[in-house]
Participant: 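First the structure, then my questions, so here it is.
Just so it is clear, the structure is predicted and the values come from calculations on it, not from any experiment. Below, chain A is the first sequence line, B the second, and so on; all start at residue 1.
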Amino acid sequence: MPDLVATPGQTIGPFFHYALPFDRDRELVPPGRPDAVRLHGTVYDGAGKPIPDALLEIRQADATGQVPAVEGSLRRDGTVFTGWGRCAVDSVGRYSFTTVVPGPSSPGGAAFYAVTVFARGLLNRLFTRAYIPGDADALEADPLLAGLDPEARDGLVAVREEDGSLRFDVHLQGGRETVFLAFPRHA
Amino acid sequence: MMSNLDSQEVVSKEIADLHAGAEGETQPRLDFAPYRSSLLRHPTKDLRHADPEGAELVAPVFGHSDIDPVEADLTIQAGGEPIGERIVVRGRVLDGDGRPVRGQLVEIWQANAAGRYIHKGDQHPAPIDRHFTGVGRCLTGDDGSYAFTTIKPGPYPWRNHHNAWRPAHIHFSLFGTEFTQRMITQMYFPGDPLFALDPIYQAITDQKARDRLVATYDHDLSEHEWLLGYRWDIVLTGTHGTWMEADDA
Ligand SMILES: [Fe+2]
C-alpha cells in the first residue's frame, strides 16, 4: 500500500495556555521522591532572547530503560510513572520537569529524553534529544552524537548542575542552534 | 492611527514570491518570513536525520482515567449554551500506512464565535462568551474516529501586518502510536476568503497540502434542527516498526 501523505503541521500559536497545560503536567514523578531529578532549561530565539510562549514535551524510559505504556498522565495520582510530561515555559522562557533519569534503551547505549518543542512563530513541531551526561563511552558510541561536530554534540547533552539537576537549553536559531531531528518517514 | 506594520499587499507579494519557487512540499516551511514571528524562531540548519529508538518509538498512552467523555462537547462545559453556529467536527486519525490510531488523545482549542479566546493575552475587543471555554479533549475509537461538538469559531485579527486576520480555525493536538508522530496543527473551514491572505496557512506552499487542513461540509453529519456537520481526517507520519524490520532483512 502506498504511504498516505501526512497532514501538515501548523504553529501552536499564542493561545494554547488555557488548553494544553494541566495540573502536574510537568511532574512525571512527585518532587519529593528520593530519585527525582529536575530537567530544566530555557528556550531561546535566534537573537538569544528567551521565548515566553513555547511548550515542551518529553517522552522517556524509566531508570531501567523500559518505556512505560500506561495511562494516567492527565490525572496524575503520584504513583504511576507514565514516561511523558508537558511544560509550557514561563515568561522568561524557562521550563522544568520533575522526573527520573532514564536508562538506556539497549545495554551500553546512551540514555536520553526525547523532546518535542512547540512555539508561537514555529510553524511545525521540532524533535530533539536531551542526552544524560556521565557515561562517556555510551555517548561516544551513540550513532547520532558521533556524526556531529563537538559544539553541536555538546548542545544535545544535558549539563549536570551543582544542585544535581540537569540543564538542557533549547536554541531555536543562532550560533548555538540546537540540533533538531528528522526521522525516517517524516518527509 | 499610523502603523509601522507592512500592508497586506507587501505580505501577499512575499507569499507569492516564496510560492513561485516551490513544488510538492507537504509540510509548512519553518523559514517563512511573511509570518514575522518565524524570523527568529526557525532553525537555519537542516534537520538531522536520526533513526528513532527507545522512547521515540512509543507514544504516551491515555485512557478513560485521563479524560471525561463530556470533554468532547464544548457546548455544555460552562453552564449554558454558547452563542454561535453549533457544529460537529468528526473524522479519523490514521497513521502513514492508513491504519486507524486507536484510543489515542485528541486535544482541541479555539476562539469563540466572535473570534475571542479565553486567554489573558487575547486583547481583541470582541465579546467573551461566559458559556464557552473553547477547550476539548477526546479519545479516538477503535476505527480512529474522533468527534467534537462545538461552536464555529470566528476569524480574529492579529498583528503580523496591517489589517491581518486569521481564517477561522480549530487548533488540534495529536498523538500516534510512536512519539515520532506527535504533531499540532490547525483545521480550517471550507471557502474561507482569508486563506489567500494568511501567512500561517500559506507557509504550506503547495495547494494540495494546504487543502489537507480544510474540513469538508458533510450534510450527512448535520442534524435536523440542531447542528451542522464537518468532516476532517488526519494522517500522521508513518511508524517505524515494520520499516526497521525491513531494514534488517
Ligand atoms: Fe488560533
Participant: With rounding to the nearest 0.5 Å, note down the distance linking CD1 in B:Ile118 to CZ in A:Phe15.
Facilitator: 11.5 Å

Participant: Would you check if B:Ser173 and A:Leu20 make a side-chain contact, meaning some heavy-atom pair closer than 4.5 Å?
Facilitator: yes

Participant: Can you say whether A:Phe112 sits under 4.5 Å from chain B via the side chain, the backbone, both, or neither, judging by heavy atoms?
Facilitator: side chain

Participant: Is any side-chain N of the basic residue among A:Arg185 and B:Asp95 closer than 4.0 Å to the acidic one's carboxylate O?
Facilitator: no

Participant: Tell me, side chain or backbone of A:Leu126 under 4.5 Å from chain B's heavy atoms, or both, or neither?
Facilitator: side chain

Participant: Can B:Asp97 and A:Leu4 be said to form a side chain to side chain contact (heavy atoms under 4.5 Å, CB included), step by step?
Facilitator: CA-CA 6 Å; B:Asp97 297 299; A:Leu4 297 181; over 6 Å; no

Participant: Check B:Asp66 with A:Arg76, please: is the shortest side-chain N to carboxylate O separation under 4.0 Å?
Facilitator: no

Participant: Check whether any side-chain N or O of B:Arg182 sits under 3.5 Å from a backbone N or O of A:Thr116 as a donor-acceptor pair, and report yes or no.
Facilitator: no

Participant: Considering non-hydrogen atoms only, spot the tightest contact between B:Pro28 and A:Gly9 and give its length.
Facilitator: CG-O, 3.2 Å

Participant: What part of B:Asn160 lies closer than 4.5 angstrom to a heavy atom of chain A: side chain, backbone, both or neither?
Facilitator: neither

Participant: Is there a donor-acceptor pair under 3.5 Å between the side chain of A:Gln173 and the backbone N or O of B:His42?
Facilitator: yes

Participant: Is it the backbone or the side chain of B:Arg29 that comes under 4.5 Å from a heavy atom of chain A, or both, or neither?
Facilitator: backbone

Participant: How about A:Val5 and B:Gln27: do any of their side-chain heavy atoms sit closer than 4.5 Å?
Facilitator: no

Participant: Please state whether the side chain, the backbone, both or neither of B:Leu94 comes within less than 4.5 Å of a heavy atom of chain A.
Facilitator: side chain

Participant: Run the side-chain donor-acceptor check on residues 119-126 of chain B: report pairs under 3.5 Å with partners two or more places apart or on a different chain.
Facilitator:
from	atom 1	to	atom 2	distance (Å)
B:His119	ND1	B:Gly121	N	2.8
B:His119	NE2	A:Pro14	O	3.3
B:His119	NE2	A:His17	ND1	3.0
B:Asp122	OD1	B:His124	N	3.0
B:Asp122	OD2	B:Tyr117	N	2.6
B:Gln123	NE2	B:Lys120	O	2.9

Participant: Evaluate whether atom CD of B:Gln207 has more than 12 neighbouring non-hydrogen atoms of other residues, nucleotides or ligands under 6.0 angstrom away.
Facilitator: yes

Participant: In this structure, are over 12 heavy atoms from other groups packed under 6.0 Å from B:Asp46 atom CG?
Facilitator: no

Participant: Please look at A:Ala61 and chain B and tell me whether the side chain, the backbone, both or neither of the residue comes under 4.5 angstrom of a heavy atom of that chain.
Facilitator: backbone

Participant: With a 4.5 Å heavy-atom cut-off, do B:His49 and A:Pro184 have their side chains touching?
Facilitator: no

Participant: Any chance the rings of B:Phe175 and A:Trp84 have centres within less than 6.0 Å?
Facilitator: yes

Participant: If you count heavy-atom pairs within less than 4.5 Å of chain B, which of A:Gly109, A:Ala6, A:Gly46 leads?
Facilitator: A:Ala6

Participant: Considering all heavy atoms of both residues, which atom of B:Val58 and which atom of A:Ala69 are nearest to each other, and what is their separation?
Facilitator: CG1-CB, 4.4 Å

Participant: Heavy-atom distances under 4.5 Å only: say whether A:Phe127 touches chain B with side chain, backbone, both or neither.
Facilitator: side chain

Participant: Rounded to the nearest 0.5 Å, what's the gap from OG on B:Ser37 to CG on A:Asp45? Could you check?
Facilitator: 10.5 Å

Participant: Please look at A:Ser73 and chain B and tell me whether the side chain, the backbone, both or neither of the residue comes under 4.5 angstrom of a heavy atom of that chain.
Facilitator: both

Participant: Where on A:Phe118 is there a heavy atom nearer than 4.5 Å to chain B: the side chain, the backbone, both, or neither?
Facilitator: side chain

Participant: Could you tell me which of B:Thr180, B:Leu236, B:Leu105 has the largest number of non-hydrogen atom pairs under 4.5 Å with chain A?
Facilitator: B:Thr180

Participant: Side chain, backbone, both or neither: which part of B:Asp206 has an atom under 4.5 Å from a heavy atom of chain A?
Facilitator: neither

Participant: Which one wins on heavy-atom pair count under 4.5 Å against chain A: B:Thr237, B:Val135, B:Ile184?
Facilitator: B:Ile184

Participant: Is any side-chain heavy atom of A:Phe180 less than 4.5 Å from a side-chain heavy atom of B:Arg48?
Facilitator: no

Participant: A quick test of your reading: do over 12 heavy atoms of other residues, nucleotides or ligands sit less than 6.0 Å from CD of A:Glu161?
Facilitator: yes

Participant: Within this structure, what is the CD1-CH2 distance for the pair A:Ile12 and B:Trp109, rounded to the nearest 0.5 Å?
Facilitator: 4.5 Å

Participant: Between the side chains of A:Gln10 and B:Thr185, is a donor N or O closer than 3.5 angstrom to an acceptor N or O?
Facilitator: no

Participant: Side chain, backbone, both or neither: which part of A:Arg120 has a non-hydrogen atom closer than 4.5 Å to chain B?
Facilitator: both

Participant: Heavy-atom count check: over 12 atoms from other residues, nucleotides or ligands less than 6.0 Å from A:Arg160 CZ?
Facilitator: yes

Participant: At what distance, to the nearest 0.5 angstrom, does CG of A:Asn124 lie from CG of B:Leu47?
Facilitator: 9.5 Å

Participant: Should the heavy atoms of other residues, nucleotides or ligands under 6.0 Å from CZ of B:Arg90 be counted, would the total exceed 12?
Facilitator: no

Participant: Strictly distance-based, threshold 3.5 Å: is any side-chain N or O of A:Glu177 a donor or acceptor partner for the main-chain N or O of B:Lys45?
Facilitator: yes

Participant: Look at atom CZ of B:Arg159 and say whether more than 12 heavy atoms of other residues, nucleotides or ligands are closer to it than 6.0 Å.
Facilitator: no

Participant: Pick one of side chain, backbone, both or neither for B:Glu25, based on which atoms fall under 4.5 Å of a heavy atom in chain A.
Facilitator: neither

Participant: Side-chain donor-acceptor pair under 3.5 Å between B:Glu53 and A:Ser105, yes or no?
Facilitator: yes

Participant: Tell me, do A:Leu123 and B:Ile200 make a side-chain contact under 4.5 Å, heavy atoms counted?
Facilitator: yes

Participant: State, without any angle test, whether A:Thr7 and B:Arg212 hold a side-chain donor-acceptor pair at a distance under 3.5 Å.
Facilitator: no

Participant: For residues B:Leu213 and A:Pro8, determine if any side-chain heavy atom of one lies less than 4.5 Å from a side-chain heavy atom of the other.
Facilitator: yes

Participant: Please test A:Phe183 against B:Glu56 for side chain to side chain contact (heavy atoms under 4.5 Å, CB included), starting from the C-alpha separation and ending with a verdict.
Facilitator: CA-CA 10 Å; A:Phe183 298 111; B:Glu56 290 161 342; 3.5 Å; yes

Participant: Answer yes when B:Glu178 and A:Arg59 have at least one side-chain N-carboxylate O distance shorter than 4.0 Å, and no when they do not.
Facilitator: no

Participant: Tell me, side chain or backbone of B:Asp233 under 4.5 Å from chain A's heavy atoms, or both, or neither?
Facilitator: backbone

Participant: Would you name the heavy atoms of B:Ser65 and A:Glu71 that are closest together and state the gap between them?
Facilitator: OG-OE2, 2.7 Å

Participant: Determine whether more than 12 heavy atoms belonging to other residues, nucleotides or ligands lie under 6.0 Å from atom CZ of A:Arg94.
Facilitator: no

Participant: Does the side chain of B:Phe62 come within less than 4.5 Å of A:Thr82's, by heavy atoms?
Facilitator: no

Participant: What part of B:His64 lies closer than 4.5 angstrom to a heavy atom of chain A: side chain, backbone, both or neither?
Facilitator: backbone

Participant: Non-hydrogen atoms of chain A under 4.5 Å away: do they reach the side chain of B:Phe179, the backbone, both or neither?
Facilitator: both

Participant: Go through B:Ala50, B:Gly54, B:Gly63 and name the one with the most non-hydrogen pairs under 4.5 angstrom from chain A.
Facilitator: B:Ala50

Participant: Among A:Ala54, A:Ala152, A:Gly147, A:Gly174, which residue has the highest count of heavy-atom pairs closer than 4.5 Å to chain B?
Facilitator: A:Gly147

Participant: Highest number of heavy-atom pairs under 4.5 Å with chain A: which of B:His169, B:Arg36, B:Arg137, B:Lys208?
Facilitator: B:Arg137

Participant: Verify, without hydrogens or angle tests, whether B:Glu107 (side chain) and A:Ala19 (backbone) share a donor-acceptor contact under 3.5 angstrom.
Facilitator: no

